[in-house]
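Okay, structure first, notes after.
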There are 2 protein chains.
Amino acid sequence: MDKINALTAFSALSQEIRLDVFRLLIEAGDVGAQAGEIATQLNVRQNTLSANLSVLLNAGLVTNQREGRAIRYFANTNGLRGLLGFLLKDCCGGHPELCEPLIETLTCRPEGDAT
Amino acid sequence: MDKINALTAFSALSQEIRLDVFRLLIEAGDVGAQAGEIATQLNVRQNTLSANLSVLLNAGLVTNQREGRAIRYFANTNGLRGLLGFLLKDCCGGHPELCEPLIETLTCRPEGDAT
DNA sequence: TCGATATTTCAATATTTCATGAAGTATGGA
DNA sequence: TCCATACTTCATGAAATATTGAAATATCGA
């Protein structure tokens with residue numbers, strides 16, 4: 001992950017349709033979603049969605065896989081991981097206290113558990 | 001953190017100067033950096049930097065504090081935390097395996113330790 | 001009060017990004 | 001082979017964003 005990749009990824013996430021798509025795919029997990037399903041769920045035209053999916057693909061934030069006539073998309077966790085690693089580079093080295101609340105945010109636990 | 005905030009934050013990070021500034025401030029940690037120091041380190045004009053700092057402020061990614069004639073800026077960890085929480089909402093609920101590598105990325109440990 | 005320093009605000013131009021209609025490509029079924 | 005389905009690509013005009021010089025604001029020290 002270099003700076004250009006990171007800028008591309010943040011730029012990809014800074015547009016409403018693409019942010020919605022990415023979050024939908026994060027929530028969909030391993031199952032992913034077909035382009036058509038995404039278009040329907042988000043109420044976006046096919047060509048508009050397609051253009052935005054290609055931006056997300058190019059940014060390394062999603063992957064895809066043909067499935068007959070359809071194309072299925074998935075959130076790319078590794079891409080996101082690289083992005084966050086780049087953004088927070090050296091924060092742990094000098095300042096571990098900065099990372100703790102971030103890790104806390106990502107730690108899986110039941111909702112409402114204030115531990 | 002709502003969708004508008006998240007879009008604003010990602011948009012803020014999708015520009016080179018601002019990404020550089022944010023990473024510089026992450027690395028600076030609690031000490032932060034004065035606007036002038038940032039301008040010098042990144043070799044950016046004062047008014048250009050000022051415009052970009054105000055975008056980061058507005059996005060909730062940095063905070064500032066007057067210090068005599070200068071103004072000192074800090075990375076806002078809480079803002080970042082909210083952003084990541086929004087982006088990954090429900091990823092843990094249904095798919096804990098998605099979060100693990102992300103947490104791994106943020107976990108503090110010596111460089112080169114492959115554990 | 002006056003000048004110097006540190007930063008922000010303003011106005012203008014240049015660049016980038018966006019959604020869309022129309023056209024093109026790929027797959028599957030009859 | 002022919003058609004329908006599922007997506008993608010292209011060209012375009014409209015809207016948003018970036019950088020800059022110039023001017024304004026705030027603080028400090030003499």
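First the proteins, then the strands, lettered A, B, ... as listed; each starts at 1. It should be emphasised that the depicted structure is a prediction, and the values quoted were computed from it without experimental measurement.
- Distance, B/R45 CZ to C/dT9 C1': 17 Å, rounded to whole Å.
- Within residues 46-56 of chain A, the residues having any heavy atom closer than 4.0 Å to DNA chain C are, in order of number, A/N47, A/T48, A/N52.
- Protein chain A touches strand DNA chain D; the 5'-most and 3'-most nucleotides with an atom under 4.0 angstrom of its non-hydrogen atoms are D/dA4 to D/dT9.
- Going from atom CD of B/Q65 over to atom C1' of C/dA6 covers 16 Å, rounded to whole Å.
- The stretch residues 2-16 of chain A touches DNA chain C through A/Q15, each having a heavy atom within less than 4.0 Å of the strand.
- Evaluation of the side chain to side chain contact (heavy atoms under 4.5 Å, CB included) rule for B/N5 yields B/M1, B/D2 as partners, not counting sequence neighbours.
- Judged as a side chain to side chain contact (heavy atoms under 4.5 Å, CB included), and not counting sequence neighbours, B/R69 has no contacts.
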Which atom pairs, donor and acceptor, lie under 3.5 Å between side-chain atoms of residues 31-44 of chain B and protein residues at least two apart or in another chain?
| from | atom 1 | to | atom 2 | distance (Å) |
| --- | --- | --- | --- | --- |
| B/Q34 | NE2 | B/E67 | OE2 | 3.0 |
| B/E37 | OE1 | B/Q34 | N | 3.2 |
| B/T40 | OG1 | B/G36 | O | 3.0 |

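- Residues in residues 7-16 of chain A take part in these salt bridge (Lys or Arg N to Asp or Glu O under 4.0 Å) pairs, two or more places apart or across chains: A/E16-B/K3.
- By the salt bridge (charged side-chain N to carboxylate O under 4.0 Å, His left out) test, A/R23 pairs with no residue at all, sequence neighbours left out.
- Every residue two or more places apart in sequence or in another chain that forms a side chain to side chain contact (heavy atoms under 4.5 Å, CB included) with B/T63 is listed here: B/F74, B/N76.
- Residues satisfying the side chain to side chain contact (heavy atoms under 4.5 Å, CB included) criterion with B/T8, sequence neighbours excluded, are B/I4, B/N58, B/A59.
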Q) What does nucleotides 24-30 of chain C look like as a protein-contact string, B for base, S for sugar-phosphate only, - for none, at under 4.0 angstrom between heavy atoms? A) ---BB--
